[in-house]
> 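What follows is a structure written as structure tokens; I'll ask about it next.
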2 protein chains.
Amino acid sequence: MDLDTVRTFLAAADAGQFQEAAADLAVTQQAVSKRIAALERDLGVRLFTRTPRGAELTIDGQAFLPHARELLRVAERAAASVRAGRRPLRVDMIASRSAASGLMRGFHRAHPEIDLDVVMLIDIGEAVAAIRSGTIDASFRAVAMPGRPLPEDIASVRVLDEPLELLVGPAHALAGARSVTVAQLAGHRIWMPGLLPGTEWAAYYADLVAEFGLTIEATGPNFGSDALLDTIADTPALATFMGGRTRLVWPAGHGLRRVPVTDPTPVYPHSLLWRRDDPHPALATLRAHLAAAAPGHGAAGTWAPDWTIER
Amino acid sequence: MDLDTVRTFLAAADAGQFQEAAADLAVTQQAVSKRIAALERDLGVRLFTRTPRGAELTIDGQAFLPHARELLRVAERAAASVRAGRRPLRVDMIASRSAASGLMRGFHRAHPEIDLDVVMLIDIGEAVAAIRSGTIDASFRAVAMPGRPLPEDIASVRVLDEPLELLVGPAHALAGARSVTVAQLAGHRIWMPGLLPGTEWAAYYADLVAEFGLTIEATGPNFGSDALLDTIADTPALATFMGGRTRLVWPAGHGLRRVPVTDPTPVYPHSLLWRRDDPHPALATLRAHLAAAAPGHGAAGTWAPDWTIER
DNA sequence: CCCGACCACAACGGCTGGTTGTATCCGTAG
DNA sequence: CTACGGATACAACCAGCCGTTGTGGTCGGG
């Protein structure tokens, strides 16, 4: 199936005859006839009943019609998603399973008319560069980095603290615990593959380690969360951190447990970053939505690195 | 933009390199390179950053990715809509603005996982033929016709009475009325273009005319409801009937009024028809939904032709 | 430092797809 | 009854696209 063919189908369905459709598409009637015939052969059904006075849709053609329109609509959206100019609001977040994802889902529910595109960049450095260049419009990140403040033209506001929870397999020593203190984590092996040196999230965990004397192993590449969960589930001595707001679709039969961490609860601080002079109209809408809808942050009994606290 | 190209884009994005994608698609690496280059030229942006170790998505590529997946999903659905075998439930109704449309929207809300296709056939004769042949699975119609009972293998159940309302322009004599009796309609010109002789809905209005001595003009072809509404709005002496359950999106500035009809209220009786041995699993779901959710019918003070009353 | 892995560019050839030309069908006017 | 107009389908031809083969360039690892 080819989009040009689908366009031809729609033109013929709207016109009620091939000849007029051909004129609309600036091709000959024979070309339209051939395209429709090819589409019918492709789909295995007859889409039009040909009469000497035109062509009208069969039942199959009627059934196909709305799908064809939808197809072109989606294609138009796809093209618009990368067109320079008034394109969908483009937002970066640290991971598709982070709390920022939930915020954006809520935003989409509240404003379904706003087209969104979500991307995931490496770290806040790349995000800031992309924001300044206008490639993306906003980013959910832990702001700044130790010793590297945000540039003047980038604004930020803290929107959400994501409490970390421990993720363990069924055979882990803490599998039955209702909660665990940070102090109790000392001595346990915590595995976080894919922790990239130089990123703000690596700095976050480095601070966490330094503050509470934990052991975090960042060895090995990240083969995706499925592989990580598999390993965690099967290895009694291994645990990992995960955002407590994550609505995880558990792979069946893993028997994974999540254990809240307390005294204090480490929270990953998500801020929204944007360029002060980004003219995208939906950006203001997003900021207003987050100001109204975002849960609190900086609650008592939580911990986050100094450098993430905004001025 | 071409669907094969989009497929190639997805394969390359998933594989992280052109060569492996080429192997998956059973073409050469050079073909993949060319397709991607063509897509990039088409969209006007770079989708991949090429490295000697593969190709990874740019920000634009990431933004395009979900749209590309959606595009193929929609294409797959479009093809499935006409595939013989386990295809979407195909339902016929008399008009997209009839009460049946509201019922189907409710069904879709209750069962969003069930794929639906709606078609609009000429009359119950064609609908019954289509149901018997398996081209469609169900039909919302006023059952039977005078002297032409349903065949044995077709089942039907009355699901909804749609009360008729009078639709008039702002200058019509009845524009200010809160309601009108059927007797009061005698002498008023009621215009219903496109009333096709031999159809069950033409028979319905013929009975209505005979029973209460109305004047219904069926002259002229139906140029669509927009043209009808335009004329009704502009012509003080003209009115038309419309289903009272219709949630019409009024063309702005028409000043159209709808006036309920009483003593008795003519109702258009929608029944669901289906073939007793249609094996489509969603058909049973639809019947159960309608049995539970459909409003009543046959209420006191309403009128419908004899021949629409089911045994 | 060379080799391996990967991508891009160039030249060639088959086949898809559009155009022109023609046959056929049907409703209508004369 | 016939001729005509308007519509679609089929056949032949031709161009341009797309995929293949062959080759060069670049980067990282052994």
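Naming: A, B, ... by sequence-line order, numbering from 1 per chain. The basis for the numbers below is simple: all heavy atoms, side chains too, and nothing from hydrogens, waters or symmetry mates.
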> Under the ring pair (Phe, Tyr, Trp, His ring centres under 6.0 Å) rule, collect the residues that match up with Tyr204(B), sequence neighbours excluded.
Tyr268(B), Trp303(B)

> In a table with atom names and distances, give each donor-acceptor pair under 3.5 Å that connects a side chain of residues 55-82 of chain B to protein atoms at least two apart or in another chain.
from: Thr58(B); atom 1: OG1; to: Arg46(B); atom 2: O; distance (Å): 2.8
from: Thr58(B); atom 1: OG1; to: Leu47(B); atom 2: O; distance (Å): 3.2
from: Thr58(B); atom 1: OG1; to: Asp60(B); atom 2: N; distance (Å): 3.4
from: Thr58(B); atom 1: OG1; to: Gly61(B); atom 2: N; distance (Å): 3.0
from: Asp60(B); atom 1: OD1; to: Arg90(A); atom 2: NH1; distance (Å): 2.7
from: Asp60(B); atom 1: OD1; to: Arg90(A); atom 2: NH2; distance (Å): 2.9
from: Gln62(B); atom 1: OE1; to: Met120(A); atom 2: N; distance (Å): 2.6
from: Gln62(B); atom 1: NE2; to: Met120(A); atom 2: O; distance (Å): 3.2
from: His67(B); atom 1: NE2; to: Asp117(A); atom 2: OD1; distance (Å): 2.5
from: Arg69(B); atom 1: NH2; to: Asp14(B); atom 2: OD1; distance (Å): 3.1
from: Glu70(B); atom 1: OE1; to: Arg73(B); atom 2: NE; distance (Å): 3.3
from: Glu70(B); atom 1: OE1; to: Arg73(B); atom 2: NH2; distance (Å): 3.0
from: Glu76(B); atom 1: OE2; to: Arg83(B); atom 2: NH2; distance (Å): 2.7
from: Arg77(B); atom 1: NH1; to: Asp115(B); atom 2: OD1; distance (Å): 3.4
from: Arg77(B); atom 1: NH2; to: Asp115(B); atom 2: OD1; distance (Å): 3.1
from: Ser81(B); atom 1: OG; to: Ala78(B); atom 2: O; distance (Å): 2.6

> Does any part of the side chain of Ile124(A), heavy atoms only, come nearer than 4.5 Å to the side chain of Ser139(A), both counted from C-beta?
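No, too far: nothing below the 4.5 Å cut-off.
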
> List in chain and number order the residues that pass side-chain contact (heavy atoms from CB on, under 4.5 Å) with Pro151(A), two or more places apart in sequence or in another chain; answer none if no residue qualifies.
Val128(A), Arg132(A), Asp153(A), Ile154(A)

> Please determine whether a side-chain nitrogen of the Lys or Arg among Arg141(A) and Asp123(A) lies less than 4.0 Å from a carboxylate oxygen of the Asp or Glu.
no

> Among residues at least two apart in sequence or on other chains, which ones pass side-chain contact (heavy atoms from CB on, under 4.5 Å) with Thr215(A)?
none

> To the nearest Å, give me how far apart CD (Gln19(B)) and P (dC27(D)) are.
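My rounded result for the distance is 18 Å.
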
> Under 3.5 Å, which donor-acceptor pairs do the side chains of residues 22-34 of chain A form with other protein atoms, sequence neighbours left out?
from: Thr28(A); atom 1: OG1; to: Ala31(A); atom 2: N; distance (Å): 3.3

> Could you check how far CD of Glu20(A) sits from P of dA7(D), rounded to whole Å?
8 Å

> Hey, could you give me the CD1/CD1 distance between Ile94(A) and Ile122(A), rounded to the nearest 0.5 Å?
11.0 Å

> Applying side chain to side chain contact (heavy atoms under 4.5 Å, CB included), run through Ile136(B) and Val91(B) and close with a yes or a no.
CA-CA 6 Å; Ile136(B) 67 173; Val91(B) 179; over 6 Å; no

> Atom CG in Leu39(A), atom OG1 in Thr5(A): separation rounded to 0.5 Å?
6.0 Å

> Please list, in 5' to 3' order, the outermost nucleotides of DNA chain C lying under 4.0 Å from any heavy atom of chain A.
dG18(C) to dG27(C)

> Answer yes or no: does a side-chain N or O of Ser33(A) lie under 4.0 Å from OP1 or OP2 of dA9(D)?
yes

> Kindly write out the residues that satisfy side chain to side chain donor-acceptor pair (under 3.5 Å) with Arg275(A), not counting sequence neighbours, or none if the list is empty.
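Asp277(A).
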
> Sort me out a list of protein N/O and nucleotides 20-22 of chain D N/O pairs below 3.5 Å, or just none if empty.
from: dT20(D); atom 1: OP2; to: Thr28(B); atom 2: N; distance (Å): 2.9
from: dT20(D); atom 1: OP2; to: Thr28(B); atom 2: OG1; distance (Å): 2.8
from: dG22(D); atom 1: O6; to: Gln30(B); atom 2: NE2; distance (Å): 2.6

> Using a cut-off of 4.0 Å on non-hydrogen atoms, how would the nucleic acid contact of Gln17(B) be classed: base, sugar-phosphate, or nothing?
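Sugar-phosphate contact only.
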
> List the residues meeting ring pair (Phe, Tyr, Trp, His ring centres under 6.0 Å) with Phe241(B), not counting sequence neighbours, and say none if there are none.
none

> So what is the end-to-end bend of the helix from dC1(C)-dG30(D) to dG30(C)-dC1(D), with 5 pairs used at each end and the value given to 10 degrees?
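Taking five pairs per end, the axes differ by 10°.
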
> Output the residues of residues 40-54 of chain A in contact with DNA chain C, where contact means a heavy atom of the residue under 4.0 Å from an atom of the strand; sort by number or write none.
Pro52(A), Arg53(A)

> Which pairs, with at least one residue in residues 16-55 of chain B and sequence neighbours excluded, count as a ring-ring contact (aromatic ring centres under 6.0 Å, His included)?
Phe9(B)-Phe48(B), Phe18(B)-Phe48(B)

